[in-house]
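Below: one structure, written as structure tokens.
Counting convention: from 1, in listed order, for ligands and their atoms alike. Keep in mind it's a predicted model, so treat the numbers as computed, not measured.
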Amino acid sequence: MHYYSLGKQSPNVDFKTAAITGQAPDKGLYFPTTIPQFTPEQIERFKTLDKATLAFEVMKPYVGGTIDDTSLQQICAETINFEFPLVPITENIATLELFHGPTLAFKDVGARFMSRCLGYFAKQESAAILQSKPNTVLVATSGDTGGAVANGFLGVEGVNVIILYPKGKVSPIQELQLTTCGQNITALEVDGTFDDCQAIVKDAFMDAELNAAYKLTSANSINVARWLPQQLYYFFAWQQWVAKYGDQTPMHIVVPSGNFGNICAGMMAKASGLPLGHFVAACNVNNVVTRYLQTGNYEIHKAVATVSNAMDVGNPSNFIRIMEIIQNNFESLQKGLSSYSYDDAATASAIHRVYKTTHYILDPHGAIAFLAAEQFIKEQEGARSLILETAHPVKFPEVVEEAIGQTIEIPDSVKYLLGKEKVAIPIGASFAGFKDWMLSKAGS
Ligand SMILES: *Cc1c(COP(=O)(O)O)cnc(C)c1O
């Protein structure tokens, strides 16, 4: 298994190179040269496999021999070492809770898998004395990504992580998740917006001096090592779905979508033979894809801030991978994917209504998925659907507590953060200041 660049101007590479470099030299996203095909017999067996074994069997073809089986088994077991329970909310809508990982958001799985792969490759290189510069992961975050990456990479030898986050624009728990790790994790508090953070990271990858001093890589979902393991949710969901509703009930899936990495991973799982139903992308008012499906015009725009801020994306980077899966055919796209979009008022009122009628507490991203599921079911009479709940509601206390009229209990798994001290280095919003700081660190 190799990976080609969707920019079509770079040579094919193996999984290791794709994971270490993130993006192809032509700035294209990497995509597997073949999508593995699971046989009906394998799929049947998947129904009852334990999560770690299933994860290993799904990921093995994608890793293509660059990680030995024993190590990959261990990486997979560590990656999925928490629960992904399927919980019915109403008669026809169930949720798969993806927020039981250490940072309470679904990005934990991708971050954990990627960090362990990079750690494995770093060890290999230091054994062969190939390692001349430290591997440095640069991430810009609006909240969730940074926490998951910090937690996933903490203590991984041979890899340093630098996280840029916008000052005052992440929630208190998110900030503690970013700034209290220490060790190989450094948090930079940028006096600017998320877009400024992202612009600094982009400039860094293009900067000759920084690339001479560091081996830089990104940890967002363009990296195949973070994107591909997200397929596992759909396998775990399907196992529980079949056990609960039988394998004759189609599992239609609604995914809260921003950069479209998660939903695209689900579509890969389906393309590799997992019998999934229709996909629905649930979006906030950043709805490029919703409008594209309606009009056929793909018009990117500047991101608009909403209460479901992990989906505030004006130009979803993984959509091009979805187009590759369906071979750039607009009719196939419409056949397999729908999309609905909702604003903040609808989001808050859905959180309120679902809590009042079912006692289930949705987070703002899950609330948008719930609305999309209701809409989809209305159009497809008798259908059942599954929503992915991508974050724990406690990560968005202002919106959720206001909507349900009470406070949310902080789960034990994050209570330990509350007594910790924030450590962050303040920097300005310009690339020049960031670069000076990086170069001053490089020698030390
Ligand atoms: C990142 C994130 C999303 C969006 O996922 P994409 O893969 O970028 O589409 C949705 N919800 C939450 C809580 C997130 O953190």
Q.
Ignoring hydrogens, what is the shortest heavy-atom contact between Ala219 and Val137? Give both atom names and the distance.
A. CB-CG1, 3.4 Å
Q.
Quick test: of every protein heavy atom, which one is nearest to atom 8 (O) of ligand 1, and how far off is it to 0.1 Å?
A. Asn259 N, 2.8 Å
Q: Could you tell me which atoms of ligand 1, counted from 1 in the order shown, lie closer than 4.0 angstrom to a heavy atom of Thr390?
A: 10 (C), 11 (N), 12 (C), 13 (C)
Q. Between Lys107 and ligand 1, which part of the residue brings a heavy atom under 4.0 Å of the ligand: side chain, backbone, both or neither?
A. side chain
Q: Could you tell me the residue and atom name of the protein heavy atom closest to atom 4 (C) of ligand 1, and the distance to it rounded to 0.1 Å?
A: Gly258 N, 3.6 Å
Q. Between Phe330 and Tyr292, what is the ring plane arrangement, given parallel below 30°, perpendicular above 60°, and tilted in between?
A. perpendicular
(Q) By the definition side chain to side chain donor-acceptor pair (under 3.5 Å), identify the one residue from Asp144, Asp108, Thr145 that meets it with Thr103. (A) Asp108
Q) ligand 1 and Phe260, any nitrogen or oxygen pair closer than 3.5 angstrom? A) yes
Q) Tell me, which protein residue and heavy-atom name are nearest atom 5 (O) of ligand 1, and how many Å apart are they? A) Phe106 CZ, 3.5 Å
Q: Determine whether more than 12 heavy atoms belonging to other residues, nucleotides or ligands lie under 6.0 Å from atom CD1 of Ile43.
A: yes
Q. Do the ring planes of His252 and Phe376 sit parallel (below 30°), tilted (30 to 60°) or perpendicular (above 60°)?
A. perpendicular
Q: Verify the ring-centre separation between Phe319 and Tyr298: is it less than 6.0 angstrom?
A: yes
Q: Can you sort out which atoms of ligand 1 are near Ser257, meaning under 4.0 Å from one of its heavy atoms?
A: 9 (O)
Q | Atom indices of ligand 1 within 4.0 angstrom of Ala391 heavy atoms, with elements | A | 13 (C)
Q. For ligand 1, which atoms have a heavy atom of Pro256 less than 4.0 angstrom away?
A. 4 (C), 10 (C)
Q. Any chance NZ of Lys47 has more than 12 other-residue heavy atoms, nucleotides or ligands included, within less than 6.0 Å?
A. yes
Q) Which protein heavy atom lies closest to atom 7 (O) of ligand 1, and at what distance to 0.1 Å? A) Asn262 N, 2.9 Å
Q: Report the relative orientation of the aromatic rings in Phe236 and Phe84; use parallel for angles under 30°, tilted for 30 to 60°, perpendicular for over 60°.
A: tilted
Q) Which ligand 1 atoms does Gly261 reach within 4.0 Å, using its non-hydrogen atoms? A) 6 (P), 7 (O), 9 (O)
Q) When you look for heavy atoms under 4.0 Å from ligand 1, do you find them on the side chain of Asp144, its backbone, both, or neither? A) side chain
